[in-house]
K.L.:
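Next up is a structure, given as structure tokens.
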2 protein chains.
Amino acid sequence: MEKLSLRACANRAGVSHGAPKNHFANLAVLQGALATEGFKRFASTMRAHMAGAPADAKSQVMASARGYVAFVEDNKDLFRLMFSMERRLDIYPDLLPASREAYAVLREVSKGLSPENCENPQGQLSTETMLWTFIHGYAILKANKQFYTSNAETGMDPKLEDIFPVFTYLDK
Amino acid sequence: MEKLSLRACANRAGVSHGAPKNHFANLAVLQGALATEGFKRFASTMRAHMAGAPADAKSQVMASARGYVAFVEDNKDLFRLMFSMERRLDIYPDLLPASREAYAVLREVSKGLSPENCENPQGQLSTETMLWTFIHGYAILKANKQFYTSNAETGMDPKLEDIFPVFTYLDK
DNA sequence: TTAAAAAATAGACACTGTCAACATTTCCGG
DNA sequence: CCGGAAATGTTGACAGTGTCTATTTTTTAA
């Protein structure tokens, strides 16, 4: 894997090593810019999956989750970069808004999950936090190929559907 | 935050810049060694919390989860280092065993969760994978201070207890 | 004690990010 | 169209880094 570096970018662009400075003050800013673009595509991917699914709450949740996982699958390095920037969301102007745009998707679908709890802010927070936590954990483990127990037995990552139905209890 | 580097380590040890080479072939190996020690302490922390809790399944699960979170809270950088090595578990001799030792804790407690499913390998795998996924996601988000919605509203991370009871359905 | 093994040293090399001074190009208002 | 201003590119330098080599020192053990 070719490592991300300002000089490598300059090289690939056929430009001198100091040129990137005019566009990105330093390496962290470049990473922030890449992460910003990543979050935008991330949200788009989730929304694209949602658009192709039935409108009911459960389908939308599953579609967004599948979009989430598909993005991670296709952009493992970018995904890691994105969430390695999560503690420096002020490094690039549009990074914080872009990350919230992605989070907003999960907020939206989580709203449909427990309608009777929507009046309770704490309950609503728990639902969306739980959803976020779970999908994020799954994605991280998948991006890092860390499902070793599962892999040892089946040679594959566990399918999202096999562990995700836990949320069906939410709309009972 | 002082960045981890071989030369910085040599400096702090009051030794020449080439000395570490005799103990760690390269930087990745040093990181692997640190991660190995981290996984061992990680498992110890979870087991210590479990030892101080009632023996029933739910208490043990909650205790291990609290140990998990406590470790992350006290060792954020080490935790990130540990799980950034998850794709290179062969870099250091004892790293893979140490990481499995930590995973074994969660496997243990997850066994108590759905006794009637233990005969079904797939069911059992789902339970422990779900538990692992969820706690890991929570820990990552906490380590990266990424509960921004919650923080914006309450100024605090969501408590594990507020989102964790989702698993109570498992032993119904 | 002495030979072998382990550890430390010093120098070199190729990278990296970052900075400053300078040159070039592009753009836009007069 | 032109000329200044802004943007962009260039070059050289510096301090850091990982990594390699040859050499020396220290420790270990037979």
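Please read these numbers as outputs of a predicted model, since none were measured by experiment. Sequence lines set the chain letters: A, B, ... in the order given, protein chains first and strands last, and positions in each chain run from 1. Both backbone and side-chain heavy atoms feed into the values below; hydrogens, waters and symmetry mates do not.
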K.L.:
Would you please confirm or rule out a distance under 4.0 Å between OP1 or OP2 of C/dA7 and any side-chain N or O of B/K21?
P.N.:
no
K.L.:
Strictly below 4.0 Å, N to O, side chains only: are B/K40 and B/E101 in salt-bridge contact?
P.N.:
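No, B/K40 and B/E101 are not salt-bridged.
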K.L.:
Are side-chain N/O atoms of B/Y68 and B/H136 paired as donor and acceptor at under 3.5 Å?
P.N.:
yes
K.L.:
Has B/S16 got a side-chain N or O lying under 4.0 Å from the OP1 or OP2 atom of C/dA8?
P.N.:
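It does not, given that no N or O in the side chain of B/S16 lies less than 4.0 Å from OP1 or OP2 of C/dA8.
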K.L.:
Looking only at the side chain of A/S5 (C-beta and beyond, no hydrogens), which of the listed nucleotides D/dT17, D/dG9, C/dG17 gets closest?
P.N.:
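It is C/dG17.
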K.L.:
Go along nucleotides 21-28 of chain C 5' to 3' and tag each nucleotide: B for a protein heavy atom under 4.0 Å from its base, S when only backbone or sugar atoms are that close, - otherwise.
P.N.:
--------
K.L.:
Any side-chain heavy atom of A/Q60 sitting closer than 4.5 Å to one from A/K111?
P.N.:
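No, side chains not in contact.
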K.L.:
Donor-acceptor pair under 3.5 Å: do we get one between B/R7's side chain and the base of D/dG16?
P.N.:
no
K.L.:
Given atom NZ of A/K3 and atom P of C/dA14, what is their separation to the nearest angstrom?
P.N.:
18 Å
K.L.:
Closest nucleotide of DNA chain C for A/A8 versus for A/G18: which of these residues is on the 5' side?
P.N.:
A/A8
K.L.:
Roughly how many Å is it from CG in B/N11 to P in C/dT9, rounded to a whole number?
P.N.:
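Those two atoms, CG and P, are 11 Å apart.
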K.L.:
In terms of side-chain heavy atoms of B/L6, which of C/dG17, D/dT10, D/dG18 is nearest?
P.N.:
D/dG18
K.L.:
Is there a chain of hydrophobic side chains (I, L, V, M, F, W, Y, each step under 4.5 Å between heavy atoms) that links A/F83 to A/L4?
P.N.:
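Same cluster.
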K.L.:
So B/F71 and B/F42, would you call those rings parallel, tilted or perpendicular, with 30° and 60° as cut-offs?
P.N.:
tilted
K.L.:
Should the pair A/E108-A/R47 be classified as a salt bridge under the 4.0 Å nitrogen-to-oxygen rule?
P.N.:
yes
K.L.:
Answer with base, sugar-phosphate or nothing: what part of the nucleic acid does A/H17 contact at a heavy-atom distance below 4.0 Å?
P.N.:
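Counting heavy atoms under 4.0 Å across all strands, the contact made by A/H17 includes a base.
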K.L.:
Less than 4.5 Å apart, side chain to side chain, heavy atoms only: is that true for A/E86 and A/S99?
P.N.:
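Result yes, sub-4.5 Å side-chain heavy-atom pair found.
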K.L.:
Nearest to the side chain of A/L27 - C/dG17, D/dT10, C/dC19?
P.N.:
C/dG17
K.L.:
Can you find an N or O donor on one side and an acceptor on the other, under 3.5 Å apart, linking the side chain of A/N22 with the base of D/dA7?
P.N.:
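Per atom types, no contact qualifies.
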K.L.:
For B/N26, report the nucleic acid contact type (base, sugar-phosphate, nothing); a contact means any heavy atom under 4.0 Å.
P.N.:
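Sugar-phosphate, no base atom in range.
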K.L.:
Give a yes/no answer on whether the side chain of B/H23 brings an N or O atom under 4.0 Å of OP1 or OP2 in C/dA8.
P.N.:
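Yes, such a contact exists.
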